[in-house]
Amino acid sequence: MGKSLENPPETGSKPAAAPLLAWYDRHARVLPWRARKGEWSDPYAVWLSEIMLQQTTVATVGPYFMRFLARWPNVAALAAAPVEEVMKEWAGLGYYSRARNLHACARAVAAEHGGKFPENLEDLSKLPGIGPYTAAAIAAIAFGKPATVVDGNVERVVARLFALRDPLPQVKPEIREKAATLTPLKRAGDFAQAMMDLGATICTPKSPACNRCPIEALCDAKAEGIAALLPARAPKKERPVRRGACFWLMKGDHVWLRRRPEVGLLGGMMEVPGSPWDSREAEGAKPGLDHAPLDAGWKRVPGKVEHTFTHFHLMLDVYTATTRKKSVPGGGEWVPLDRLAGEALPTVMRKVAAHAMPDAGPLFAKR
Ligand code: SF4
(Lines give C-alpha, C1' and ligand atoms only; values in the text may rest on other atoms or scores of the structure.)
Protein backbone atom coordinates (compact mmCIF):
# COMPACT_ATOMS: atom_id res chain seq x y z
CA MET A 1 0.00 0.00 0.00
CA GLY A 2 1.28 3.53 -0.82
CA LYS A 3 2.21 5.92 1.98
CA SER A 4 -0.45 8.41 3.03
CA LEU A 5 -0.05 12.12 3.77
CA GLU A 6 -2.82 12.07 6.38
CA ASN A 7 -2.50 12.17 10.18
CA PRO A 8 0.09 14.87 10.87
CA PRO A 9 2.68 13.82 13.44
CA GLU A 10 3.75 15.74 16.56
CA THR A 11 6.40 18.29 15.70
CA GLY A 12 8.92 20.31 17.69
CA SER A 13 12.45 21.63 17.53
CA LYS A 14 15.35 19.34 16.68
CA PRO A 15 19.09 19.39 17.45
CA ALA A 16 20.06 19.45 13.78
CA ALA A 17 22.69 22.22 13.89
CA ALA A 18 25.63 20.23 15.32
CA PRO A 19 25.47 17.24 12.94
CA LEU A 20 24.78 19.52 9.97
CA LEU A 21 27.70 21.84 10.73
CA ALA A 22 30.04 18.85 11.19
CA TRP A 23 28.87 17.51 7.84
CA TYR A 24 29.27 20.94 6.21
CA ASP A 25 32.85 21.18 7.44
CA ARG A 26 33.65 18.06 5.45
CA HIS A 27 31.33 18.34 2.45
CA ALA A 28 30.63 22.03 1.74
CA ARG A 29 30.28 22.69 -2.00
CA VAL A 30 33.03 24.86 -3.44
CA LEU A 31 31.22 27.81 -5.06
CA PRO A 32 32.82 30.90 -6.59
CA TRP A 33 31.05 33.27 -4.18
CA ARG A 34 31.54 31.23 -1.07
CA ALA A 35 34.31 31.84 1.48
CA ARG A 36 36.18 28.70 2.48
CA LYS A 37 36.70 27.77 6.09
CA GLY A 38 38.61 30.53 7.89
CA GLU A 39 38.17 33.02 5.03
CA TRP A 40 36.37 36.37 5.21
CA SER A 41 32.94 36.44 3.57
CA ASP A 42 32.72 39.45 1.25
CA PRO A 43 29.23 40.98 1.69
CA TYR A 44 29.36 42.29 -1.89
CA ALA A 45 29.98 38.79 -3.27
CA VAL A 46 27.29 37.29 -1.02
CA TRP A 47 24.75 39.90 -2.11
CA LEU A 48 25.63 39.65 -5.80
CA SER A 49 25.37 35.86 -5.78
CA GLU A 50 22.13 35.81 -3.82
CA ILE A 51 20.45 38.22 -6.24
CA MET A 52 21.68 36.20 -9.22
CA LEU A 53 20.60 32.90 -7.68
CA GLN A 54 16.97 33.98 -7.28
CA GLN A 55 15.02 31.81 -9.76
CA THR A 56 18.29 30.69 -11.38
CA THR A 57 20.53 27.63 -10.97
CA VAL A 58 24.02 27.58 -9.47
CA ALA A 59 25.42 26.28 -12.78
CA THR A 60 23.94 29.17 -14.77
CA VAL A 61 24.97 31.83 -12.28
CA GLY A 62 28.66 30.80 -12.05
CA PRO A 63 29.96 32.48 -15.26
CA TYR A 64 27.79 35.59 -14.76
CA PHE A 65 29.04 36.00 -11.22
CA MET A 66 32.68 35.71 -12.34
CA ARG A 67 32.18 38.25 -15.14
CA PHE A 68 30.46 40.74 -12.86
CA LEU A 69 33.14 40.40 -10.20
CA ALA A 70 35.97 40.79 -12.72
CA ARG A 71 34.37 43.89 -14.25
CA TRP A 72 33.00 45.48 -11.05
CA PRO A 73 35.04 44.08 -8.13
CA ASN A 74 33.23 46.04 -5.43
CA VAL A 75 30.00 47.84 -4.75
CA ALA A 76 31.48 51.29 -5.54
CA ALA A 77 32.57 50.11 -8.99
CA LEU A 78 29.14 48.67 -9.73
CA ALA A 79 27.43 51.84 -8.49
CA ALA A 80 29.56 53.92 -10.85
CA ALA A 81 28.73 51.77 -13.91
CA PRO A 82 26.06 52.92 -16.41
CA VAL A 83 22.89 50.88 -15.91
CA GLU A 84 22.90 49.92 -19.62
CA GLU A 85 26.23 48.16 -19.15
CA VAL A 86 24.86 46.24 -16.17
CA MET A 87 21.85 45.19 -18.24
CA LYS A 88 24.15 43.97 -21.00
CA GLU A 89 26.16 41.81 -18.61
CA TRP A 90 22.93 40.49 -17.12
CA ALA A 91 21.40 39.57 -20.49
CA GLY A 92 20.41 35.90 -20.52
CA LEU A 93 19.98 35.58 -16.73
CA GLY A 94 16.27 36.50 -16.92
CA TYR A 95 14.01 38.35 -14.46
CA TYR A 96 15.54 41.61 -15.60
CA SER A 97 14.08 43.79 -12.88
CA ARG A 98 16.70 42.12 -10.68
CA ALA A 99 19.47 43.79 -12.72
CA ARG A 100 17.88 47.20 -12.40
CA ASN A 101 17.42 46.73 -8.66
CA LEU A 102 20.96 45.41 -8.36
CA HIS A 103 22.28 48.64 -9.80
CA ALA A 104 19.93 50.79 -7.71
CA CYS A 105 20.99 48.88 -4.60
CA ALA A 106 24.69 49.36 -5.36
CA ARG A 107 24.04 53.10 -5.71
CA ALA A 108 22.10 53.20 -2.43
CA VAL A 109 24.86 51.33 -0.56
CA ALA A 110 27.47 53.67 -2.02
CA ALA A 111 25.49 56.86 -1.35
CA GLU A 112 23.74 56.08 1.94
CA HIS A 113 25.99 53.56 3.65
CA GLY A 114 29.49 54.71 2.69
CA GLY A 115 29.95 51.74 0.36
CA LYS A 116 29.38 49.14 3.09
CA PHE A 117 26.36 46.87 3.32
CA PRO A 118 24.42 47.34 6.55
CA GLU A 119 24.58 44.32 8.87
CA ASN A 120 21.08 44.16 10.26
CA LEU A 121 17.92 42.78 8.68
CA GLU A 122 15.95 45.99 8.96
CA ASP A 123 18.43 48.19 7.09
CA LEU A 124 19.20 45.49 4.55
CA SER A 125 15.48 45.07 3.78
CA LYS A 126 15.16 48.78 2.93
CA LEU A 127 17.59 48.43 0.01
CA PRO A 128 16.23 48.00 -3.54
CA GLY A 129 15.72 44.38 -4.57
CA ILE A 130 16.46 42.95 -1.13
CA GLY A 131 13.49 41.02 0.25
CA PRO A 132 13.29 39.04 3.49
CA TYR A 133 15.12 36.03 2.03
CA THR A 134 18.08 37.98 0.65
CA ALA A 135 18.33 40.16 3.77
CA ALA A 136 18.52 37.02 5.92
CA ALA A 137 21.08 35.42 3.60
CA ILE A 138 23.37 38.47 3.72
CA ALA A 139 22.96 38.95 7.47
CA ALA A 140 23.73 35.29 8.17
CA ILE A 141 26.35 34.46 5.54
CA ALA A 142 28.24 37.77 5.34
CA PHE A 143 27.88 38.92 8.94
CA GLY A 144 27.23 35.73 10.94
CA LYS A 145 23.93 37.02 12.38
CA PRO A 146 21.51 34.31 13.54
CA ALA A 147 19.03 34.95 10.73
CA THR A 148 17.05 32.07 9.22
CA VAL A 149 17.49 31.61 5.49
CA VAL A 150 14.78 29.68 3.64
CA ASP A 151 15.25 29.03 -0.06
CA GLY A 152 13.74 26.20 -2.12
CA ASN A 153 16.32 23.69 -0.92
CA VAL A 154 15.81 24.61 2.71
CA GLU A 155 12.04 24.42 2.27
CA ARG A 156 12.34 20.85 1.12
CA VAL A 157 14.66 19.80 3.95
CA VAL A 158 12.47 21.40 6.63
CA ALA A 159 9.21 20.04 5.22
CA ARG A 160 10.73 16.56 5.36
CA LEU A 161 12.53 16.92 8.67
CA PHE A 162 9.23 17.81 10.36
CA ALA A 163 7.02 15.81 7.97
CA LEU A 164 4.92 18.90 7.14
CA ARG A 165 2.17 17.55 4.94
CA ASP A 166 0.33 20.67 3.84
CA PRO A 167 1.15 21.63 0.25
CA LEU A 168 3.31 24.50 -0.97
CA PRO A 169 2.80 27.40 -1.10
CA GLN A 170 0.36 27.39 1.87
CA VAL A 171 2.83 25.58 4.11
CA LYS A 172 5.56 28.23 3.70
CA PRO A 173 4.86 30.13 6.95
CA GLU A 174 5.01 26.88 8.93
CA ILE A 175 8.25 25.93 7.21
CA ARG A 176 9.76 29.31 8.12
CA GLU A 177 8.65 28.88 11.72
CA LYS A 178 10.18 25.42 11.99
CA ALA A 179 13.35 26.53 10.21
CA ALA A 180 13.79 29.32 12.76
CA THR A 181 13.77 26.78 15.58
CA LEU A 182 16.77 25.05 14.00
CA THR A 183 19.02 28.10 13.47
CA PRO A 184 21.95 28.18 15.92
CA LEU A 185 23.21 31.40 17.50
CA LYS A 186 26.75 30.68 16.36
CA ARG A 187 27.79 29.89 12.77
CA ALA A 188 24.33 30.85 11.48
CA GLY A 189 25.82 31.57 8.04
CA ASP A 190 27.50 28.17 7.80
CA PHE A 191 24.29 26.57 9.04
CA ALA A 192 22.26 28.31 6.32
CA GLN A 193 24.70 27.15 3.67
CA ALA A 194 24.77 23.64 5.14
CA MET A 195 20.98 23.44 4.80
CA MET A 196 21.18 24.68 1.22
CA ASP A 197 23.92 22.17 0.39
CA LEU A 198 22.03 19.32 2.01
CA GLY A 199 18.97 20.14 -0.10
CA ALA A 200 21.05 20.48 -3.26
CA THR A 201 23.16 17.33 -2.89
CA ILE A 202 21.46 14.81 -0.55
CA CYS A 203 17.88 15.80 0.26
CA THR A 204 17.12 16.15 -3.46
CA PRO A 205 13.60 16.53 -4.85
CA LYS A 206 12.95 13.07 -6.31
CA SER A 207 15.16 10.58 -4.51
CA PRO A 208 16.71 11.82 -1.27
CA ALA A 209 19.84 9.90 -0.27
CA CYS A 210 18.70 9.49 3.34
CA ASN A 211 21.35 6.87 4.11
CA ARG A 212 24.05 9.55 3.58
CA CYS A 213 22.18 12.29 5.44
CA PRO A 214 23.72 13.68 8.64
CA ILE A 215 20.29 14.32 10.19
CA GLU A 216 18.62 11.09 9.16
CA ALA A 217 18.05 10.06 12.77
CA LEU A 218 16.05 13.28 13.38
CA CYS A 219 13.95 13.13 10.24
CA ASP A 220 10.22 12.47 10.59
CA ALA A 221 9.55 12.00 6.87
CA LYS A 222 12.34 9.40 6.65
CA ALA A 223 10.96 7.57 9.68
CA GLU A 224 7.49 7.53 8.14
CA GLY A 225 8.72 6.55 4.69
CA ILE A 226 7.24 9.62 2.98
CA ALA A 227 10.41 11.66 2.28
CA ALA A 228 10.09 11.63 -1.51
CA LEU A 229 6.44 12.73 -1.28
CA LEU A 230 7.30 15.99 0.50
CA PRO A 231 6.93 18.87 0.17
CA ALA A 232 3.47 18.37 -1.31
CA ARG A 233 2.50 20.90 -3.95
CA ALA A 234 -0.83 22.42 -4.91
CA PRO A 235 -1.56 21.48 -8.54
CA LYS A 236 -0.08 24.00 -10.97
CA LYS A 237 -2.35 26.07 -13.16
CA GLU A 238 -1.70 25.58 -16.84
CA ARG A 239 0.20 28.46 -18.43
CA PRO A 240 -1.78 30.40 -21.04
CA VAL A 241 -0.29 30.69 -24.52
CA ARG A 242 0.42 34.07 -26.10
CA ARG A 243 1.36 34.61 -29.71
CA GLY A 244 3.18 37.30 -31.60
CA ALA A 245 5.37 38.16 -34.55
CA CYS A 246 8.92 39.54 -34.75
CA PHE A 247 10.55 41.37 -37.62
CA TRP A 248 14.23 40.72 -38.27
CA LEU A 249 15.29 43.59 -40.51
CA MET A 250 18.80 43.68 -41.94
CA LYS A 251 20.80 46.42 -43.62
CA GLY A 252 24.14 44.96 -44.72
CA ASP A 253 25.59 43.33 -41.62
CA HIS A 254 23.41 45.37 -39.23
CA VAL A 255 20.08 44.45 -37.67
CA TRP A 256 17.43 46.87 -36.39
CA LEU A 257 16.81 46.59 -32.64
CA ARG A 258 14.81 48.72 -30.26
CA ARG A 259 14.71 49.10 -26.50
CA ARG A 260 11.70 47.86 -24.56
CA PRO A 261 9.92 50.25 -22.17
CA GLU A 262 11.70 50.60 -18.82
CA VAL A 263 8.76 49.22 -16.88
CA GLY A 264 7.22 45.79 -17.37
CA LEU A 265 8.38 42.41 -18.63
CA LEU A 266 11.99 42.50 -19.93
CA GLY A 267 11.97 46.20 -19.00
CA GLY A 268 14.81 48.19 -20.59
CA MET A 269 16.17 45.21 -22.55
CA MET A 270 16.76 45.26 -26.32
CA GLU A 271 14.39 43.47 -28.68
CA VAL A 272 13.69 42.69 -32.28
CA PRO A 273 10.67 44.86 -33.20
CA GLY A 274 7.41 42.97 -33.17
CA SER A 275 3.72 42.83 -32.45
CA PRO A 276 2.22 42.84 -28.95
CA TRP A 277 2.10 39.36 -27.42
CA ASP A 278 -1.50 38.40 -27.73
CA SER A 279 -3.50 35.91 -25.71
CA ARG A 280 -6.54 36.02 -27.98
CA GLU A 281 -5.64 33.02 -30.08
CA ALA A 282 -8.99 31.47 -29.13
CA GLU A 283 -10.66 34.34 -31.01
CA GLY A 284 -8.52 33.61 -34.04
CA ALA A 285 -6.18 36.60 -33.70
CA LYS A 286 -3.01 36.05 -35.73
CA PRO A 287 -0.43 38.78 -35.13
CA GLY A 288 1.37 39.18 -38.41
CA LEU A 289 2.52 41.57 -41.07
CA ASP A 290 0.14 44.33 -40.02
CA HIS A 291 2.58 44.96 -37.15
CA ALA A 292 5.69 45.17 -39.36
CA PRO A 293 7.65 48.39 -38.72
CA LEU A 294 7.79 49.20 -42.47
CA ASP A 295 6.91 47.78 -45.86
CA ALA A 296 9.56 45.37 -47.05
CA GLY A 297 9.58 42.01 -48.75
CA TRP A 298 8.91 40.18 -45.48
CA LYS A 299 9.33 36.41 -45.58
CA ARG A 300 8.15 34.20 -42.78
CA VAL A 301 10.80 31.82 -41.46
CA PRO A 302 9.30 28.31 -41.21
CA GLY A 303 8.65 27.14 -37.64
CA LYS A 304 8.15 29.20 -34.51
CA VAL A 305 10.22 30.50 -31.62
CA GLU A 306 8.90 29.27 -28.29
CA HIS A 307 9.78 30.59 -24.86
CA THR A 308 8.25 30.02 -21.46
CA PHE A 309 7.91 32.89 -19.01
CA THR A 310 6.68 32.48 -15.43
CA HIS A 311 3.07 33.27 -16.28
CA PHE A 312 2.68 32.37 -19.93
CA HIS A 313 4.12 30.45 -22.85
CA LEU A 314 5.06 32.51 -25.90
CA MET A 315 5.00 31.44 -29.56
CA LEU A 316 6.50 33.84 -32.08
CA ASP A 317 6.45 33.92 -35.88
CA VAL A 318 9.63 35.43 -37.26
CA TYR A 319 9.71 37.44 -40.49
CA THR A 320 12.89 38.58 -42.21
CA ALA A 321 13.59 41.31 -44.76
CA THR A 322 16.34 43.66 -45.87
CA THR A 323 16.21 47.41 -46.40
CA ARG A 324 18.42 50.34 -47.32
CA LYS A 325 16.62 52.84 -45.12
CA LYS A 326 18.62 54.84 -42.61
CA SER A 327 16.03 54.48 -39.88
CA VAL A 328 12.84 52.61 -39.14
CA PRO A 329 9.57 53.95 -37.68
CA GLY A 330 8.98 53.18 -34.01
CA GLY A 331 12.50 53.97 -32.83
CA GLY A 332 15.58 51.83 -32.42
CA GLU A 333 19.05 51.53 -33.88
CA TRP A 334 21.13 49.56 -36.35
CA VAL A 335 23.33 47.13 -34.42
CA PRO A 336 26.22 45.27 -36.11
CA LEU A 337 25.72 41.51 -35.95
CA ASP A 338 29.14 41.01 -34.39
CA ARG A 339 28.07 43.17 -31.45
CA LEU A 340 24.94 41.19 -30.66
CA ALA A 341 26.61 38.84 -28.18
CA GLY A 342 27.35 41.81 -25.91
CA GLU A 343 23.95 43.49 -26.26
CA ALA A 344 21.25 43.47 -23.55
CA LEU A 345 19.25 40.89 -25.49
CA PRO A 346 17.08 38.61 -23.35
CA THR A 347 17.08 34.88 -24.06
CA VAL A 348 13.81 34.97 -26.02
CA MET A 349 15.32 37.53 -28.42
CA ARG A 350 18.50 35.47 -28.81
CA LYS A 351 16.21 32.64 -29.86
CA VAL A 352 14.56 34.95 -32.40
CA ALA A 353 17.98 35.93 -33.76
CA ALA A 354 19.07 32.31 -34.03
CA HIS A 355 15.79 31.42 -35.77
CA ALA A 356 16.17 34.26 -38.28
CA MET A 357 19.82 33.40 -39.02
CA PRO A 358 20.28 29.73 -38.19
CA ASP A 359 23.83 29.62 -39.58
CA ALA A 360 25.08 32.48 -37.40
CA GLY A 361 24.41 30.83 -34.00
CA PRO A 362 27.70 31.73 -32.25
CA LEU A 363 27.08 35.43 -32.97
CA PHE A 364 24.04 35.37 -30.75
CA ALA A 365 25.27 33.27 -27.86
CA LYS A 366 26.06 35.11 -24.66
CA ARG A 367 29.84 35.45 -24.23
S1 SF4 B 1 16.76 11.94 6.12
FE2 SF4 B 1 16.28 12.04 3.96
S3 SF4 B 1 14.42 13.23 3.82
FE4 SF4 B 1 15.24 13.55 5.86
S5 SF4 B 1 16.44 15.43 5.67
FE6 SF4 B 1 17.83 13.71 5.33
S7 SF4 B 1 17.84 13.37 3.12
FE8 SF4 B 1 16.09 14.67 3.60
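Each ligand, and each atom within it, is numbered from 1 in the order the structure gives. Treat the numbers as computed from the prediction; the structure is a model and nothing was measured. Hydrogens, waters and symmetry mates play no part in the numbers below; they use all other heavy atoms, side chains included.
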Worksheet item: Does CE in Met66 sit with more than 12 non-hydrogen atoms of other residues, nucleotides or ligands closer than 6.0 Å?
Response: no
Worksheet item: Do the side-chain N and O atoms of Thr56 and Tyr95 include a donor-acceptor pair separated by under 3.5 angstrom?
Response: no
Worksheet, complete the sentence: Sorted by chain and number, sequence neighbours left out, side chain to side chain donor-acceptor pair (under 3.5 Å) with Ser41 holds for none
Worksheet item: Any luck finding a side-chain donor-acceptor pair between Asn101 and Arg98 under 3.5 Å?
Response: no
Worksheet item: Would Arg165 and Glu224 pass as an ion pair if we require N to O under 4.0 Å?
Response: yes
Worksheet entry | Tally of protein N, O or S atoms, where distance to atom 8 (Fe) of ligand 1 is under 2.8 Å | 1
Fill in: Cluster overlap Trp277 with Val301, hydrophobic side-chain contacts below 4.5 Å
yes
